[in-house]
There are 2 protein chains.
Amino acid sequence: MKHVNEIDTEAAIKAAAKKVFMKKGLAGARLQEIADEAGIGRTALHYYFRSKEKLFQEVWRDVFKEMLERSVIIENAEVTVVEKMQLFADHYFDKALSEPELDIFMLNEFNNNPEIMNEILQSGSPIMLMINDIKKAVECGELKGEPQQIFITMISICVFSFAGKAMMQNMLKIDDETYIKLMKARKAYVIDFLKTAFKP
Amino acid sequence: MKHVNEIDTEAAIKAAAKKVFMKKGLAGARLQEIADEAGIGRTALHYYFRSKEKLFQEVWRDVFKEMLERSVIIENAEVTVVEKMQLFADHYFDKALSEPELDIFMLNEFNNNPEIMNEILQSGSPIMLMINDIKKAVECGELKGEPQQIFITMISICVFSFAGKAMMQNMLKIDDETYIKLMKARKAYVIDFLKTAFKP
DNA sequence: ATTGCTTTTAACTATTTGGTTCGACATAAT
DNA sequence: ATTATGTCGAACCAAATAGTTAAAAGCAAT
């Protein structure tokens, strides 16, 4: 029978690993640092997750799922495209505000190591649906511009706000707290911006 | 006296290093891979640039300079703010199109290892000048929105287009060539978008 | 308490990787 | 041609780090 604290330890390790991986990336992270962060011996890591690779996979799976949950695209036909976009941004900012480091980590590992994507899952379709919605709206004269470009613009405004954290903090010379405040204000700004930015 | 091929080899190493560092990041890059890429023995790297750290510094310096050149902010009082923003985007897209991987690399290393910034230089001011210009324009009723937010939006639209390359390629299921085409189209789109997006 | 399982630690091994030394060869200066 | 200096690779070294093994410690059922 399993001892009671296994779940705790395992969760603690994953949390610690997530933290370190997010800060240093896969290649930069050290198992020792993860172990220290989790308050256990380094070999216990191997006991729970045979290898660094395996541990990373676990963390990545979770992070990726979080990212998907963060990028909810409403399928409801009752709301207008602009409202869909606003809902997207609203939800995205809420989630991202609670874990601003996730965006750059995703982008990063995505880039360094594109193949990790394939193993996990194919998300695909909702994006195309939204682009299609935008397309229809453009044809109706409700929006202006090339649908793909509109979509990219929306994503940029949301994702870069967090992926560019370090860069922006340096440019604007602001600390973590001020940054969070700025992003809270940005949420409202973006939702309002989306309302008018693509109007013909 | 220096033998003739020193310059070539040195340049070849730097080019190779840049390539590998951009793909794998500082921590992920291997000297062997850089040497192979440059077509020389691994020890020659040490001959030219004593250590990995030193080599990275050199590459980073160049890359950073490129990034600054890419982000030119016009100081001319003769042109309107919107025109300044358009000029910024125009120039940025031109430069970025010739080396799309640079953006994510910058963001990345910036994030993993914020201290590398401090050593190089303090760029600072032109950004504040532009934000000030935007502020004035907002006060005149020429633009609408919080100046910092407008600035961040502009940066997002430009930088994320390239920093999010891997992510976008995966989302839209497109190859490198198609991506470049999309970004060429995006340049025109963004310049046009900036003209109207912040209008009151 | 004994037994049997689970968890954790300590000690060890293997591998990867950055860095050094030294000699061979090339090129330039005399 | 000889000498001096620059270029570069083979072999080696040392440190860091991932991974293994085996034994100790902890917990729960009997």
Side-chain angles (χ1 to χ4, degrees), chain A residues 1-61 63 105 108-109 112-113 115-116 119, chain B residues 1-61 63 105 108-109 112-113 115-116 119:
Chain A
M1 181 184 270
K2 282 167 191 279
H3 290 192
V4 278
N5 43 337
E6 178 179 334
I7 337 139
D8 300 312
T9 312
E10 201 169 316
I13 292 173
K14 273 176 82 166
K18 188 172 160 188
K19 198 168 167 183
V20 176
F21 279 137
M22 291 225 281
K23 208 166 90 189
K24 307 281 182 81
L26 169 57
R30 298 295 106 131
L31 290 182
Q32 187 61 60
E33 195 178 343
I34 294 172
D36 290 349
E37 180 75 35
I40 56 160
R42 190 176 58 79
T43 42
L45 290 185
H46 290 287
Y47 175 71
Y48 285 97
F49 309 84
R50 293 192 62 82
S51 67
K52 186 184 183 181
E53 198 59 38
K54 290 256 173 59
L55 176 55
F56 183 78
Q57 292 286 355
E58 292 277 320
V59 172
W60 176 258
R61 195 184 307 274
V63 162
F105 174 68
N108 212 337
E109 292 304 322
N112 286 351
N113 185 318
E115 60 277 12
I116 54 179
E119 306 164 21
Chain B
M1 181 182 269
K2 283 166 190 276
H3 290 190
V4 279
N5 43 336
E6 177 178 337
I7 337 136
D8 300 313
T9 312
E10 201 170 317
I13 292 173
K14 273 176 84 166
K18 188 172 161 187
K19 197 167 167 183
V20 176
F21 279 137
M22 291 227 279
K23 207 166 90 189
K24 306 282 183 80
L26 170 57
R30 300 297 134 201
L31 290 182
Q32 186 61 60
E33 195 178 342
I34 294 172
D36 291 349
E37 181 74 37
I40 55 158
R42 190 175 59 79
T43 40
L45 289 186
H46 291 286
Y47 174 71
Y48 285 98
F49 310 84
R50 294 194 63 82
S51 67
K52 185 184 184 182
E53 199 58 38
K54 290 257 174 59
L55 177 55
F56 182 78
Q57 292 287 354
E58 292 278 321
V59 172
W60 177 257
R61 195 184 307 274
V63 163
F105 174 68
N108 213 337
E109 290 305 321
N112 286 351
N113 173 316
E115 61 277 11
I116 54 179
E119 306 163 21

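Everything numeric here is computed off the predicted structure, so don't read it as measured data. Numbered from 1 within each chain, the chains take letters A, B, ... in sequence-line order.
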Between protein and nucleic acid, restricted to nucleotides 10-12 of chain C and to nitrogen or oxygen atoms under 3.5 Å apart, what atom pairs and distances do you find?
none

ask   = Looking for any heavy atom pair under 4.0 Å, which part of the strands does B:A27 touch: base, sugar-phosphate only, or nothing?
value = nothing
Rounded to the nearest 0.5 angstrom, the NZ-CZ distance for A:K18 and A:F105 is 9.5 Å
Across all chains, not counting sequence neighbours, the ring-ring contact (aromatic ring centres under 6.0 Å, His included) partners of A:F49 are none
B:D8 CG to C:dT27 C1', in whole Å, measures 15 Å
task: Scan B:A29 against the nucleic acid and name what it touches under 4.0 Å (heavy atoms): base, sugar-phosphate only, or nothing.
output: sugar-phosphate
### Message
Just so I know, are the side chains of B:I40 and B:L45 near enough to count as touching, which here means a heavy-atom distance under 4.5 Å?
### Response
yes
Taken to the nearest whole Å, NZ/A:K52 to P/C:dT15 is 18 Å
In whole angstroms, the gap separating P of C:dG18 from CZ of B:F56 amounts to 14 Å
Rounded to whole Å, the NE2-P distance (B:H46 to D:dG6) equals 20 Å
- Report yes if a side-chain nitrogen or oxygen of B:R30 is closer than 4.0 Å to either non-bridging phosphate oxygen (OP1 or OP2) of C:dG18; otherwise report no. yes
Winner on side-chain proximity to A:L31, out of D:dA18, C:dT9, C:dT20, is D:dA18
Rounded to whole Å, the OH-C1' distance (B:Y47 to D:dA10) equals 17 Å
Out of D:dA18, C:dT8, C:dG19, minimum distance to the side chain of A:T9 belongs to C:dT8
* Base, sugar-phosphate, or nothing: which does B:A44 touch, judged by heavy atoms less than 4.0 Å apart? -> sugar-phosphate
Here the distance between atom P of C:dG18 and atom CG of B:L26, to the nearest Å, is 10 Å
Residues B:E109 and B:L26: closest non-hydrogen pair is OE2-N, 3.0 Å
When rounded to whole Å, the OH to P distance for the pair A:Y48 and D:dG19 reads 18 Å
Quick note, salt bridge (charged side-chain N to carboxylate O under 4.0 Å, His left out) partners involving residues 49-59 of chain A, not counting sequence neighbours, are A:K14-A:E58
Separation of C:dT16 atom C1' from B:E33 atom CD, nearest Å, is 14 Å
**Request:** List the steps and the verdict of ring pair (Phe, Tyr, Trp, His ring centres under 6.0 Å) for B:F56 and B:F21.
**Result:** CA-CA 8 Å; B:F56 182 78; B:F21 279 137; 4.9 Å; yes
Rounded to the nearest 0.5 angstrom, the NZ-CZ distance for A:K24 and A:R30 is 8.5 Å
